[in-house]
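Note that the structure is predicted; figures quoted are calculated from it, not measured.
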Amino acid sequence: MGGMIVFADGILEENDQDEKFIYSIEKKNVKREELFENLISEQEDYECRLVSVNKENPDWVVLTYQKPEELSLLTTFKKNKKRKQYQESLDSIVEQVIKITYDQIEKGFFVLPIPENFFLSENNKVYFLYKGVEGLPITGYNYNSLFDHVKTLVAYLYGNYDFKELTGRGKIPTESAVLLDISTAKNFQELYKILFQKEISPELLESEESTDFPDKELSNSKEKSLQEQEQSLHRQTEESSNAKVSKSTRKFRLKEPEGISLNEKAEQIESQRLRVDQKLKTVKLHESSLLKKEQELQLREKNLEKLGKKQKSKKERLINLSILSLLTISVLGNIFFIYDKATYPSNVSFLKKDNKDLQDKIEKHETTNSSLEEENKSLTDSNEEIGKELDENVKIIKELIKKNEELEKVIKEGK
């Protein structure tokens, strides 16, 4: 499947890397969030296993399902209707859909009866994704009319109609005897027997606990109801074999579900789809905005890098100028000291000491300059350090000038 699609009351995303489905449901559609935990505790081997329920988001409940194996959508299978493999597998798939839905309703769970909720493995084993209970969203469907929705799903698989078309129309022109027979079924047992000429397997009929949502035909006496249904089915089969089917005279009629009309349900689903589409657009706009901000940050980093290089170059020039100035002063000082030594032997020791102090200062400043180069990581700190160095150099130059003036004064006094 891949990607993200609008699904039921939210958004369904497939994570191929982790082999998971992620179903996000809007919280405004959930009456009792704690009921999601019941879905985890009671699961069968034909379900995509619900492994976690995340309620931290203020607007969404996020359900994570583990895929049992590589799966494809039931709708994808239906698109290959003309292939021989489809025809050979169709009865088995329909039988599994009916059994699964019936088994879950007997246990009090509502399997969402839409094609997108069912998946097929490579060997055509049927799995489903989402089921609900009272208090959890079921996309406008009704427990009491679940059977009618299942008939619509079965008609979709056997017929040539789009599922939305079947849910939006009460009567569908058809020449298919199968669809006409499906329309006459009044409960799961009748439908199953019409299609497969046998009863639903006993393990799915037996239930030690009662359920809030039994079939009305079985609420009083299952045995009596089944006998009446067999007689009725026998009469219907005889009438069907003798009748001539015509588009103009026979129509496949879908029973209008109780509690909500098919048109109203379709409108609700469409409204829900539009809301989810709007949220998807909002998410995409947010992603686009984040991308633009990221690009702006990258551009800003490049500009700062260029500025840093300029600052570094400027700093290096200032350091070199300072060193050159110090060297020049040192050379001039040495020349002066040599002259002074030759002329005034009494000042030799003083000049040596003064020269040594100057050299120490030069070494100190060279060390400081080396330290400044290592601290080039912060542009602001570097600029402050350069300023300090320049102030010290000016001070040293002033001291040297002052010292030269004193020496000149000593020379004049000696003369």
Side-chain angles (χ1 to χ4, degrees), residues 6-9 73-79 81 86 90-106 109-120 126-132 137-196 200 213 215-217 236 247 250-273:
V6 177
F7 174 79
D9 292 279
L73 278 168
L74 184 61
T75 52
T76 304
F77 175 80
K78 175 67 186 297
K79 290 178 182 178
K81 185 179 186 312
Y86 179 89
L90 181 57
D91 286 344
S92 171
I93 291 171
V94 171
E95 183 177 8
Q96 290 179 75
V97 169
I98 294 174
K99 282 185 176 182
I100 287 172
T101 311
Y102 180 78
D103 184 34
Q104 288 295 309
I105 199 68
E106 285 287 291
F109 294 103
F110 186 101
V111 177
L112 199 61
I114 60 175
E116 292 81 7
N117 195 36
F118 291 89
F119 301 84
L120 297 176
V126 176
Y127 292 89
F128 75 88
L129 185 73
Y130 177 72
K131 66 182 180 184
I138 52 176
T139 320
Y141 287 94
N142 185 296
Y143 275 93
N144 296 327
S145 59
L146 173 63
F147 173 68
D148 294 309
H149 298 305
V150 173
K151 281 205 305 183
T152 302
L153 181 59
V154 172
Y156 160 76
L157 291 171
Y158 276 116
N160 297 319
Y161 298 98
D162 184 83
F163 186 72
K164 289 183 179 179
E165 185 179 8
L166 289 174
T167 56
R169 296 174 61 179
K171 295 181 180 180
I172 303 292
T174 183
E175 293 180 338
S176 171
V178 175
L179 295 184
L180 292 170
D181 289 341
I182 290 172
S183 68
T184 64
K186 297 180 177 60
N187 53 51
F188 281 95
Q189 287 75 21
E190 278 195 19
L191 177 63
Y192 192 83
K193 194 163 187 178
I194 287 172
L195 294 174
F196 309 111
I200 297 183
F213 315 106
D215 282 274
K216 292 181 180 179
E217 286 77 5
Q236 292 169 2
K247 284 186 178 180
R250 299 292 300 277
K251 291 185 177 181
F252 166 53
R253 181 177 180 82
L254 294 175
K255 181 180 176 182
E256 192 76 8
E258 299 174 6
I260 183 172
S261 69
L262 289 170
N263 286 332
E264 289 175 348
K265 181 177 69 63
E267 291 175 359
Q268 288 180 2
I269 294 174
E270 181 63 19
S271 175
Q272 177 69 23
R273 186 189 67 77

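Side-chain contact check for T75 versus Y156: some heavy-atom pair is nearer than 4.5 Å. Using a 4.5 Å heavy-atom threshold, the side chains of L146 and P113 count as touching.
Take L195 and apply the side chain to side chain contact (heavy atoms under 4.5 Å, CB included) test, not counting sequence neighbours, and it matches V94, I98, V154, Y158, V178, I182, L191. Legend: residues meeting ring-ring contact (aromatic ring centres under 6.0 Å, His included) with F118, ordered by chain and number and at least two apart, are absent. Listed by chain and residue number, Q96 satisfy the side chain to side chain contact (heavy atoms under 4.5 Å, CB included) test with S92 (two or more places apart in sequence, or in another chain). In this view, Q104 and Y46, K131 satisfy the side chain to side chain donor-acceptor pair (under 3.5 Å) rule, not counting sequence neighbours. In this structure, E116 has no salt bridge (charged side-chain N to carboxylate O under 4.0 Å, His left out) partners at least two apart in sequence or on a different chain.
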Open item on the list: Does L157 form a side-chain contact (heavy atoms from CB on, under 4.5 Å) with L74? I'd like the steps, not just the answer.
Closed with: CA-CA 9 Å; L157 291 171; L74 184 61; 4.0 Å; yes
Open item on the list: I'd like to know whether F7 forms a side-chain contact (heavy atoms from CB on, under 4.5 Å) with N117, so could you lay out the CA-CA distance, the side-chain angles of the two residues, the decisive distance to 0.1 Å, and finally the verdict.
Closed with: CA-CA 8 Å; F7 174 79; N117 195 36; 3.5 Å; yes
Task: Verdict with reasoning, K99 to F188, per side-chain contact (heavy atoms from CB on, under 4.5 Å) - done: CA-CA 9 Å; K99 282 185 176 182; F188 281 95; over 6 Å; no
TODO: Take Y127 and I100, measure what side-chain contact (heavy atoms from CB on, under 4.5 Å) needs, and give me the verdict at the end.
DONE: CA-CA 9 Å; Y127 292 89; I100 287 172; over 6 Å; no
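Using a 30° and 60° split on the angle between ring planes, Y141 and F110 fall in the tilted class, from 30° to 60°.
Note: F109 CZ to T101 OG1 = 14.0 Å, rounded to the nearest 0.5 Å. Once rounded to the nearest 0.5 Å, the distance linking CD1 of I194 with OG1 of T184 reads 4.0 Å. Put simply, CG on L179 and OH on Y161 are 7.0 Å apart, with the number rounded to the nearest 0.5 Å. The line from CD of E165 to CG of N160 is 10.0 Å long, rounded to the nearest 0.5 Å. Taking CD1 of I138 as the reference point, atom CD1 of I114 lies at 12.0 Å (rounded to 0.5 Å). In this structure, the separation between NZ on K151 and CG on L166 is 12.5 Å, given to the nearest 0.5 Å.
Contact detail for L153 and F163: the closest heavy-atom pair is CA-CE1, 4.0 Å. E190 and K186 get closest at one heavy-atom pair: OE1-N, 3.1 Å.
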